[in-house]
Participant: 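First, the structure itself, so that you have it in front of you.
Position 1 is the first residue of the sequence; numbering continues from there.
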Amino acid sequence: MNFSTISLSYMFLGIFVISILFYLYFKFILIKSSPKSPDKDKIIGTMKKPEVWQERNKRMSYIALFWSIISLAIFVFLKFLYKSPLIPSYMIFIYLGVIALSSILFLPRKTHSK
């Protein structure tokens, strides 16, 4: 099965929008849980290690920003520079798989303390 470059380019535009929304969400959480924020206690509450939680949210925001930039670049490339009319459908699944893998691999690991 093949996708047309126009429909695939708009799929990447959709991924761009979703990635930007995730970036804004994680940044909003980081700003609201900063030491100077009055809402810090509402968000962090009684967490045992809020530093780990904040580090994970910071990394997720950077990952989302990275994939939004990549998705926008692919959208522009497919929309304006790529002249072939069809692209194989497995390309989008590979791209989504790489996004999922990067989100899993770059998160901090839980440490088991004794």
Side-chain angles (χ1 to χ4, degrees):
M1 186 164 106
N2 294 321
F3 288 114
S4 69
T5 55
I6 294 171
S7 64
L8 193 59
S9 66
Y10 284 108
M11 288 167 90
F12 282 108
L13 183 63
I15 294 171
F16 164 74
V17 170
I18 291 169
S19 297
I20 285 292
L21 290 175
F22 274 114
Y23 170 74
L24 292 174
Y25 169 75
F26 286 118
K27 277 306 206 186
F28 178 74
I29 292 289
L30 284 172
I31 290 169
K32 287 293 204 175
S33 63
S34 69
K36 297 178 184 177
S37 175
D39 297 329
K40 178 183 178 187
D41 292 332
K42 293 178 188 175
I43 294 174
I44 294 181
T46 59
M47 284 186 198
K48 293 180 182 177
K49 295 182 181 180
E51 306 86 30
V52 174
W53 180 80
Q54 288 177 332
E55 180 66 26
R56 184 177 0 188
N57 285 332
K58 187 192 310 183
R59 284 189 185 183
M60 285 302 294
S61 70
Y62 290 142
I63 289 171
L65 182 63
F66 171 76
W67 285 112
S68 66
I69 292 169
I70 296 297
S71 297
L72 183 63
I74 292 173
F75 166 75
V76 169
F77 175 74
L78 289 176
K79 185 72 176 163
F80 302 110
L81 303 174
Y82 195 71
K83 299 302 178 195
S84 177
L86 296 176
I87 295 178
S89 61
Y90 63 84
M91 296 296 232
I92 189 74
F93 296 115
I94 291 173
Y95 185 74
L96 293 174
V98 170
I99 290 174
L101 273 174
S102 69
S103 298
I104 292 168
L105 292 177
F106 293 114
L107 284 178
R109 303 286 184 254
K110 291 182 180 178
T111 56
H112 299 289
S113 58
K114 294 182 181 180

Participant: Would a 4.5 Å heavy-atom cut-off, applied to side chains only, mark Ile29 and Trp53 as touching?
Facilitator: yes
Participant: Which side-chain hydrogen bond (donor to acceptor under 3.5 Å, both in side chains) pairs, counting each pair once, include a residue from residues 9-28, with sequence neighbours left out?
Facilitator: Tyr10-Lys79
Participant: Would you say Tyr62 ends up clustered with Phe22 if hydrophobic residues are merged whenever their side chains have heavy atoms under 4.5 Å apart, either directly or through other cluster members?
Facilitator: no
Participant: Considering non-hydrogen atoms only, spot the tightest contact between Leu86 and Thr5 and give its length.
Facilitator: N-CG2, 4.4 Å
Participant: Spell out, yes or no, whether Met60 and Leu101 are grouped together once hydrophobic residues are joined by side-chain heavy atoms under 4.5 Å, including indirect joins.
Facilitator: no
Participant: Going from CG on Leu13 to OG on Ser71, what distance comes out if it is rounded to the nearest 0.5 angstrom?
Facilitator: 9.0 Å
Participant: I need the minimum non-hydrogen distance between Ser102 and Ile63, along with the two atoms involved.
Facilitator: O-CD1, 3.6 Å
Participant: Find the distance between CD1 (Ile20) and CG (Leu24) and round it off to the nearest 0.5 Å.
Facilitator: 6.0 Å
Participant: Out of curiosity, does Phe28 fall in the hydrophobic cluster containing Leu65 (side-chain heavy atoms, cut-off under 4.5 Å, transitive links)?
Facilitator: no
Participant: Report the distance from atom CD1 of Ile31 to atom CG of Asn57, rounding to the nearest 0.5 Å.
Facilitator: 12.0 Å
Participant: Are Phe12 and Ile92 packed together at the side-chain level, in the sense that at least one heavy-atom pair is separated by less than 4.5 angstrom?
Facilitator: yes
Participant: When rounded to the nearest 0.5 angstrom, what is the spacing between CH2 in Trp67 and CD1 in Ile74?
Facilitator: 7.5 Å
Participant: Can you tell me how far the CD1 atom of Ile6 sits from the CG atom of Leu78, to the nearest 0.5 Å?
Facilitator: 10.5 Å
Participant: Report yes or no: do Val76 and Met91 belong to one cluster of Ile/Leu/Val/Met/Phe/Trp/Tyr joined by side chain heavy-atom distances under 4.5 Å?
Facilitator: yes
Participant: Determine whether Ile15 and Ile99 make a side-chain contact, defined as any pair of heavy atoms from C-beta on separated by less than 4.5 Å.
Facilitator: yes
Participant: Sequence neighbours excluded, which residues qualify as side chain to side chain contact (heavy atoms under 4.5 Å, CB included) partners of Phe77?
Facilitator: Leu81, Tyr82
Participant: Any chance you could measure Met11, atom CE, to Leu96, atom CG, to the nearest 0.5 Å?
Facilitator: 7.5 Å
Participant: Please report the closest heavy-atom contact between Leu30 and Ser61, naming both atoms and the distance.
Facilitator: CD1-OG, 4.3 Å
